[in-house]
Asks: 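Input: one structure, supplied below.
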Amino acid sequence: MLKTYPTSLLTLPKRLKLVSVVRRLDLDSSASASASTSTHSSNSNYGNMSTDATLPPPRMQQQHQQRAAQVHPDNLPKPPQGAMTAFFPLGYKEAAQQWWTGVSARQAERNVLNLIPFIKEATADGSSPLLDLAKSDPFGQRVWRQSLVQLSGKDRALNELAIERVGEQVDDTLVILHGYGAGLGLFYQNFEPLSRVKGWNLYALDMLGMGNSSRPPFKIRANDPQGKIRETEAWFIDALEEWRRVRNIEKFTLMGHSLGGYLAVSYALKYPGRLDKLILASPAGIPEDPWAVSAGMPEPETSTMGNEFTQDQESIVRRESAGDNRTFIKATDKKAAAKTNTTTPPKRPIPGWLVWLWDANVSPFSIVRLTGPLGPRFVSGWTSRRFNHLPEDEKEALHTYAYSLFRQKGSGEYALPYLLAPGAYARSPVVNRIAEVGRQIITPATETTPDVREAGFPIVMMYGENDWMDVAGGYLAEERIKQRIVEALLNSTEEERQRENGSAKVVIVSKAGHHLYLDNPDEFNKYVQKELEATRAYGLRMKGLN
């Protein structure tokens, strides 16, 4: 099922192979771009950003000068322009300039957070600039703080953004998890609207080994497939649970995007009694596919995952989608359609080099690091499409932020092949586990008392109408959750029936793809705001009953 190789075995010969893969990718992208109808300017302003770079220590000056002489933009060859430039719009000269003078990952994150309107950063001593807030924030007094929360063990810390409403009674907490290889800064258009809801504190976290969290070596000791899956999931969710204890949060609402959604389900199953609600935004790994869970099956030949790299936001808004989930969404009998799974986003051939890299446990970010001064150009192939609908200053800030994360040393990124097969299907599908979310034992039975179990909680699955994730898997998961609720009601006591709070629904965000929180933030934020308000109302009712 999975052939893994320790990262220490990536010696020079394999690095040479990776360079050849990058060259192959450049050639392949030329062919893809020539067939594309979308155009991208070759005069991108990505390379003209202010960098706020600091000079290296004096003892490193000589080494840096030697390296600069080798990769100085004026000394780089001038490759032919054309389709390849359309696919990777950042020029070679600008890419080398970004690589050499790039901002730190911390500064890049701060530049993105400074795009958030109204909310002010708390002062250095932790106090709140109340007078300024009272004048400038129409939705109440709010401040944000950025912290690196230390956990137990060596090199384990989570990067945290906290937004709090000042001077209000706060009883509820929303925690946001990003997707694979991303960071909390990508939710910059969601933080301000979601923190408008009264009675809530908001936290966004970079998962361990990703974003600006610490990056300890990723090691798996288990030998069997299921053991590898459990150990990999625990690597992330144990850190989340320890963060919760450090912050002394009793219960919270957890929202995860893509891989963050997959891990949010894993957290709910392993740590019962901690969640009020689960919001899964285009979660990875829900539907089941035979070759992803069987070691005896050959690797897939096609996948929907390629749409992540070819789909751009403008085409999503025009509904020139890479998929056709909308056909399924309009189906009258979604239950039957979910079982037959007849309308899914189109699968594209998986290149042999991608399967090789996946099986060798070489992440795509390894290519960014190995390409050195060409790294920013490589990243621009994704950022130019993903952020092409944004104002120029936001587009540039997000490109720099993405590159600053992608170029950091590998850590949590190496977890992906243990959890997902090359086609992005889970090795332990969520659809087979999600019915037990909210049904775990909180307090084990004693000689005199029975088990105390969770009584369910709402689970919301959100997809973009042009999502390359399979929305049919979400509807099938909804049906299984509802079946589990019926089973629980039929076999519960009167007290358990009164506590029953399970529910499930699928929400479709229009004019959005996999990154629905970024493609159509206004609609996405309205849906989530309603969920937060409903959660708070339910909590207040339960307190009144108690």
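In this text, all values refer to a predicted model and were calculated from it rather than measured experimentally.
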Asks: Check P521 against N190 and note the closest heavy-atom contact, atom names and distance.
Replies: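 Between these two residues, the closest heavy atoms are CB-ND2, 4.1 Å.
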
Asks: Parallel under 30°, tilted from 30 to 60°, perpendicular over 60°: which one fits the rings of H257 and H515?
Replies: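 If you compare the ring of H257 with that of H515, the planes turn out tilted.
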
Asks: Could you walk me through whether E160 and Y203 pass side-chain hydrogen bond (donor to acceptor under 3.5 Å, both in side chains), step by step?
Replies: CA-CA 7 Å; E160 169 199 275; Y203 292 92; 5.5 Å; no

Asks: Do Y517 and L186 come close enough that some side-chain heavy atom pair is under 4.5 Å?
Replies: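 Yes, their side chains come closer than 4.5 Å.
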
Asks: When rounded to the nearest 0.5 angstrom, what distance separates CD in E192 from CD1 in I163?
Replies: 8.5 Å

Asks: Using a strict cut-off of less than 4.0 Å between a Lys/Arg side-chain nitrogen and an Asp/Glu carboxylate oxygen, indicate whether R110 and E121 qualify as a salt bridge.
Replies: yes

Asks: Run the numbers on N212 and Q146 for side-chain hydrogen bond (donor to acceptor under 3.5 Å, both in side chains), then give the verdict.
Replies: CA-CA 11 Å; N212 279 325; Q146 189 276 333; over 6 Å; no

Asks: Do any pairs count as a salt bridge (Lys or Arg N to Asp or Glu O under 4.0 Å) and have a residue in residues 252-270, sequence neighbours left out, and if so which ones?
Replies: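 Applying salt bridge (Lys or Arg N to Asp or Glu O under 4.0 Å) to every pair that reaches into residues 252-270, excluding sequence neighbours, yields D238-K270.
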
Asks: Closest heavy-atom contact between R484 and A435?
Replies: CG-O, 3.1 Å

Asks: Suppose we call two aromatic rings close when their centres sit under 6.0 Å apart. Are F365 and Y180 close by that rule?
Replies: yes

Asks: Is any side-chain heavy atom of E242 closer than 4.5 Å to a side-chain heavy atom of S152?
Replies: yes

Asks: Is a side-chain donor-acceptor pair under 3.5 Å present for T535 with D276?
Replies: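 Short answer, no.
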
Asks: Do the side chain of N525 and the main chain of Q189 share a donor and acceptor less than 3.5 angstrom apart?
Replies: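 Such a contact is found between N525 side chain and Q189 backbone.
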
Asks: Rounded to the nearest 0.5 Å, how far apart are CG of D467 and CG of L516?
Replies: 6.5 Å

Asks: Are side-chain heavy atoms of P217 and Y414 found at a separation under 4.5 Å?
Replies: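 P217 vs Y414: side chains apart.
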
Asks: Determine, step by step, whether R142 and R165 satisfy the side chain to side chain contact (heavy atoms under 4.5 Å, CB included) criterion, reporting the C-alpha distance in whole Å, the side-chain angles of both residues, the deciding distance to 0.1 Å, and the verdict.
Replies: CA-CA 5 Å; R142 296 172 291 176; R165 299 185 62 85; 3.6 Å; yes

Asks: With under 30° as parallel and over 60° as perpendicular, where do the rings of Y271 and Y267 fit, or are they tilted in between?
Replies: tilted

Asks: Heavy-atom distance under 4.5 Å between the side chains of M255 and M462, does that happen here?
Replies: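 No; the side chains remain at least 4.5 Å from each other.
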
Asks: Does E233 pair with R433 as a salt bridge, N-O distance under 4.0 Å?
Replies: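 Counted as a salt bridge, because a side-chain N and a carboxylate O are separated by less than 4.0 Å.
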
Asks: Which pair of heavy atoms, one from G179 and one from S258, lies closest together, and at what distance?
Replies: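 Closest pair (atom of G179, atom of S258, distance): CA-CB, 4.2 Å.
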
Asks: Would H178 and F187 count as a side chain to side chain contact (heavy atoms under 4.5 Å, CB included) here? Give the steps.
Replies: CA-CA 8 Å; H178 58 79; F187 294 97; 3.8 Å; yes

Asks: I'd like to know if E250 pairs up with R244 as an ion pair, taking the criterion as any Lys NZ or Arg NE/NH1/NH2 lying under 4.0 Å from an Asp or Glu carboxylate oxygen.
Replies: no

Asks: Is there a donor-acceptor pair under 3.5 Å between the side chain of R427 and the backbone N or O of P417?
Replies: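 Looks like yes, one N/O pair under 3.5 Å.
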
Asks: Before giving the answer on side chain to side chain contact (heavy atoms under 4.5 Å, CB included), spell out for E523 and Y527 the whole-Å C-alpha distance, their side-chain angles and the decisive distance to 0.1 Å.
Replies: CA-CA 6 Å; E523 187 172 326; Y527 281 129; 3.5 Å; yes

Asks: May I ask you to test the F524-L518 pair for a side-chain heavy-atom distance under 4.5 Å?
Replies: no

Asks: Tell me, do M461 and V430 make a side-chain contact under 4.5 Å, heavy atoms counted?
Replies: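 M461 does not reach V430 side chain to side chain.
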
Asks: When rounded to the nearest 0.5 angstrom, what is the spacing between CZ in F457 and CG in L275?
Replies: 4.5 Å

Asks: Between N520 and S510, is there a donor-acceptor pair closer than 3.5 Å when you use the side chain of the first and the backbone of the second?
Replies: yes

Asks: If every non-hydrogen atom of P193 is compared with every non-hydrogen atom of Q529, which pair is closest and at what distance?
Replies: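 Residues P193 and Q529, closest heavy atoms: O-NE2, 2.7 Å.
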
Asks: Taking the side chain from E479 and the backbone from Y475, do they hold a donor-acceptor pair closer than 3.5 Å?
Replies: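 Looks like no, no N/O pair under 3.5 Å.
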
Asks: Does E533 pair with R536 as a salt bridge, N-O distance under 4.0 Å?
Replies: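 No, this pair does not count.
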
Asks: Let's go through F191 and W144 carefully: what are the C-alpha distance in whole Å and the side-chain angles of both, what is the deciding distance for ring pair (Phe, Tyr, Trp, His ring centres under 6.0 Å) to 0.1 Å, and is it a yes or a no?
Replies: CA-CA 10 Å; F191 293 141; W144 65 266; 9.4 Å; no

Asks: Should the ring pair F118 and F139 be called parallel, tilted or perpendicular, given that the plane angle runs from 0 to 90° and is split at 30 and 60?
Replies: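 Aromatic pair F118/F139 classed perpendicular.
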
Asks: Quick one: CZ on R156 to OG on S213, what's the gap to the nearest 0.5 Å?
Replies: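 Those atoms lie 11.0 Å apart.
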
Asks: Take a 6.0 Å sphere around NZ of K198 and say whether it holds more than 12 heavy atoms from other residues, nucleotides or ligands.
Replies: no

Asks: Among L205, L259, D206, which residue satisfies the side-chain contact (heavy atoms from CB on, under 4.5 Å) criterion with L177?
Replies: L205

Asks: Using side-chain heavy atoms (C-beta onward) and a distance below 4.5 Å, is E396 in contact with L390?
Replies: no

Asks: Return the CE to CD1 distance between M207 and I237, rounded to the nearest 0.5 Å.
Replies: 11.5 Å

Asks: Does the pair W200 and L194 meet the rule for a side chain to side chain contact (heavy atoms under 4.5 Å, CB included), with working shown?
Replies: CA-CA 9 Å; W200 285 81; L194 298 185; over 6 Å; no

Asks: How close do P216 and S411 get, counting heavy atoms only, and between which atoms?
Replies: O-OG, 2.5 Å

Asks: Does the pair R247/E164 count as a salt bridge with the N-to-O cut at 4.0 Å?
Replies: no

Asks: Drop me the distance from L405's CG to E109's CD, to the nearest 0.5 angstrom.
Replies: 8.0 Å

Asks: When you look at R369 and E413, which way does the salt bridge (charged side-chain N to carboxylate O under 4.0 Å, His left out) test go after all the steps?
Replies: CA-CA 13 Å; R369 293 188 288 267; E413 67 194 61; 2.8 Å; yes

Asks: Under 4.5 Å between any side-chain heavy atoms of P287 and L476, yes or no?
Replies: no

Asks: Would you call the rings of W243 and F252 parallel, tilted or perpendicular if under 30° counts as parallel and over 60° as perpendicular?
Replies: perpendicular

Asks: Is a side-chain donor or acceptor of Q150 paired with a backbone partner of A157 at a separation under 3.5 angstrom?
Replies: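 Not confirmed, Q150 side chain does not pair with A157 backbone.
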
Asks: Specify the closest pair of heavy atoms between K219 and E231, including all atoms of both residues, with the distance to one decimal.
Replies: O-OE2, 3.7 Å

